[in-house]
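Single-structure report; data block below.
Only a predicted model underlies this, so the values are computations on that prediction, with no experimental measurement involved. Letters A, B, ... mirror the listed sequences (proteins, then strands); counts begin at 1. All values below come from the heavy atoms of this structure, side chains included, with hydrogens, waters and symmetry mates left out.
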Protein chains: 2
Amino acid sequence: MDQLRETLKVHHLRTTTCREDVLSTFINKKNALSHGDLEGALGENYDRVTIYRTLKTFLEKGIIHKVLDDEGLRYALCSHSCSEEQHHHDHIHFKCVECGETNCLENLHIPAVQLPAGYHSENFNLLIQGTCPKCN
Amino acid sequence: MDQLRETLKVHHLRTTTCREDVLSTFINKKNALSHGDLEGALGENYDRVTIYRTLKTFLEKGIIHKVLDDEGLRYALCSHSCSEEQHHHDHIHFKCVECGETNCLENLHIPAVQLPAGYHSENFNLLIQGTCPKCN
DNA sequence: AATCAACTTGCAACAGAGTTGCAGAATATT
DNA sequence: AATATTCTGCAACTCTGTTGCAAGTTGATT
């Protein structure tokens, strides 16, 4: 619980109950969350707008990152190496078509892709859809 | 122009001017388009809703596919091999951070990714962001 | 512990994206 | 030309996300 405050402090953010709750929700649930998920989890306590702003702030500070999906935007915790200045830019996410959960596959790396001449890449986002261990 | 009608016919869709226009816009512009792009291109002529429904229909028939993006959903023409029954499921898209254009890289294939035990993959969607030849 | 600037929150109002039901219009078929 | 089927436009609605502003909190200073 003090770890939450610590994380916020590191990123020069004031500790508020909303930020602590959003952060701990990400830590507990582990998988990628949409704004709606968060609103469902703690919407009684906080205004919709506040949750939106919290997500925006966390994005800017590199605490979370966007997860691409064909159904809607989600967010997931960044691995430790991310910060405002230095953000690691390659993400692989797995979305289960059965249970709908999306998770980061932190350990995998995206294999090199040979881009056509003239293209210069800055970051990769790979979404793999299929079935996860729980649903197999 | 008859090719448009042919494409629609193959997918058991009636030829209407809206469908012809949407389809030819995809063919002419070549890059991925959002609903807003299409509305901008031919919005005077057709109702918002009709464009939404046309996109939905084309998606279902496998004429176009969704393109993931961190800013919003877009659509692009499927390569010839797609149909309602058989849809090829690996897509690589390149989004230029300068000009904002997103294009399919049809010729590339996504290298094999070693998934952890228990995961079973059905399709891949890779979004590469960077600068394109025009903006380099 | 009281003060104060800076930041954060909630509210209201708004803008945009996408959906649904229905009546009228267009299409393919006979 | 007549018909069943499908498509379109309209209106109304929901859901998602944003902005401005006043009131409330936070952290630092005294």
Side-chain angles (χ1 to χ4, degrees), chain A residues 1-2 4-25 32-61 63-75 84 100 102, chain B residues 1-2 4-25 32-61 63-75 84 100 102:
Chain A
M1 43 189 85
D2 256 358
L4 297 178
R5 287 163 174 264
E6 187 57 30
T7 302
L8 294 173
K9 200 168 191 175
V10 165
H11 292 283
H12 306 289
L13 294 173
R14 291 185 176 179
T15 63
T16 67
T17 54
C18 181
R19 286 172 179 170
E20 287 179 312
D21 282 358
V22 169
L23 193 50
S24 75
T25 305
L33 302 174
S34 66
H35 173 270
D37 294 332
L38 287 164
E39 210 181 339
L42 34 88
E44 306 287 308
N45 308 313
Y46 308 106
D47 193 87
R48 259 166 24 87
V49 179
T50 304
I51 297 177
Y52 274 116
R53 286 198 265 231
T54 302
L55 286 171
K56 201 173 193 177
T57 306
F58 282 7
L59 265 182
E60 285 165 7
K61 297 295 181 178
I63 299 174
I64 60 175
H65 62 267
K66 287 185 183 181
V67 177
L68 307 185
D69 183 9
D70 57 351
E71 292 182 315
L73 204 47
R74 295 183 202 200
Y75 306 88
E84 196 161 1
T102 304
Chain B
M1 43 191 81
D2 255 358
L4 297 179
R5 287 163 173 264
E6 187 56 30
T7 302
L8 293 174
K9 202 167 190 177
V10 166
H11 292 283
H12 307 287
L13 293 174
R14 292 187 173 175
T15 62
T16 67
T17 54
C18 180
R19 284 173 180 169
E20 287 179 313
D21 282 358
V22 168
L23 193 48
S24 76
T25 305
L33 302 173
S34 65
H35 172 269
D37 295 333
L38 287 163
E39 210 183 338
L42 33 89
E44 307 287 310
N45 307 315
Y46 308 107
D47 192 86
R48 261 166 22 87
V49 180
T50 303
I51 298 177
Y52 274 116
R53 286 197 265 230
T54 301
L55 288 172
K56 202 173 191 174
T57 306
F58 283 7
L59 266 183
E60 285 164 7
K61 297 295 182 181
I63 299 174
I64 59 176
H65 62 266
K66 286 185 182 181
V67 177
L68 307 185
D69 184 9
D70 56 352
E71 292 182 316
L73 206 46
R74 295 183 201 202
Y75 306 88
E84 197 163 2
T102 305

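Annotation: the span from A:Glu6 atom CD to A:Leu4 atom CG amounts to 10.5 Å, rounded to 0.5 Å. The line from OH of A:Tyr46 to CD1 of A:Ile51 is 8.5 Å long, rounded to the nearest 0.5 Å. A:Thr25 OG1 to A:Leu38 CG: the interatomic distance, rounded to the nearest 0.5 Å, is 6.0 Å. How far CG of A:Leu42 is from OG1 of A:Thr50: 11.0 Å, rounded to the nearest 0.5 Å.
Tested against B:Ser34, the residues B:Glu39, B:Glu71, B:Arg74 include a single side-chain contact (heavy atoms from CB on, under 4.5 Å) partner, B:Arg74.
Taking atom CG of residue A:Leu59 and atom P of nucleotide D:dG17, one finds them 12 Å apart after rounding to whole Å. Rounded to an integer number of Å, the gap from OH of A:Tyr75 to P of D:dT16 is 12 Å. Look at NZ on B:Lys56: it is 14 Å from P on D:dT8, rounded to the nearest Å. The CG atom of B:Asp47 sits 9 Å away from the P atom of D:dA11 (whole-angstrom rounding). Taking atom CD on A:Glu39 and atom C1' on D:dG17, their separation rounds to 11 Å, with Å as the unit. A straight line from CG of A:Leu55 to C1' of D:dT18 spans 14 Å, rounded to a whole angstrom. When rounded to the nearest whole Å, the span between CZ of B:Arg48 and P of D:dA12 equals 14 Å. Rounded to an integer number of Å, the gap from CG of B:Leu42 to P of D:dT8 is 12 Å.
Annotation: the terminal axes of the helix from C:dA1-D:dT30 to C:dT30-D:dA1 meet at 30°, where each axis is the rotation carrying the C1' atoms of four end pairs onto the next four (5 pairs per end, rounded to 10°).
Between B:Thr50 and D:dG9 there is a side-chain polar atom (N or O) within less than 4.0 angstrom of OP1 or OP2. Of the side-chain N and O atoms in B:Arg53, none sit less than 4.0 angstrom from OP1 or OP2 of D:dT8.
Each of B:Gly36 and B:Leu13 was assigned the nucleotide of DNA chain C with the nearest heavy atom; the assignment lying further toward the 5' end belongs to B:Gly36.
For B:Arg14, the side-chain atoms get nearest to D:dC7 when compared with the rest of D:dC7, D:dG27, D:dA11.
A:Lys66 is linked by a side-chain contact (heavy atoms from CB on, under 4.5 Å) to A:Leu59, A:Leu73, A:Tyr75, B:Asp70, counting only residues two or more places apart in sequence or in another chain.
In this structure, B:Arg19 contributes its side chain and B:Arg14 its backbone to a donor-acceptor pair below 3.5 Å.
In this structure, B:Arg19 reaches the sugar-phosphate backbone alone: every heavy-atom distance under 4.0 Å involves primed, P, OP1 or OP2 atoms, never a base. Note on B:Thr15: only backbone sugar-phosphate atoms sit closer than 4.0 angstrom, heavy atoms only; bases stay farther off.
Using a 4.5 Å cut-off on side-chain heavy atoms (C-beta onward), B:Arg48 and B:Tyr52 make contact. Side-chain contact between B:Phe58 and B:His11 is absent, with no heavy atoms from C-beta onward closer than 4.5 Å.
On the nucleic acid side, DNA chain C has its first and last nucleotide under 4.0 Å of a heavy atom of chain B at C:dA17 to C:dA28, going 5' to 3'.
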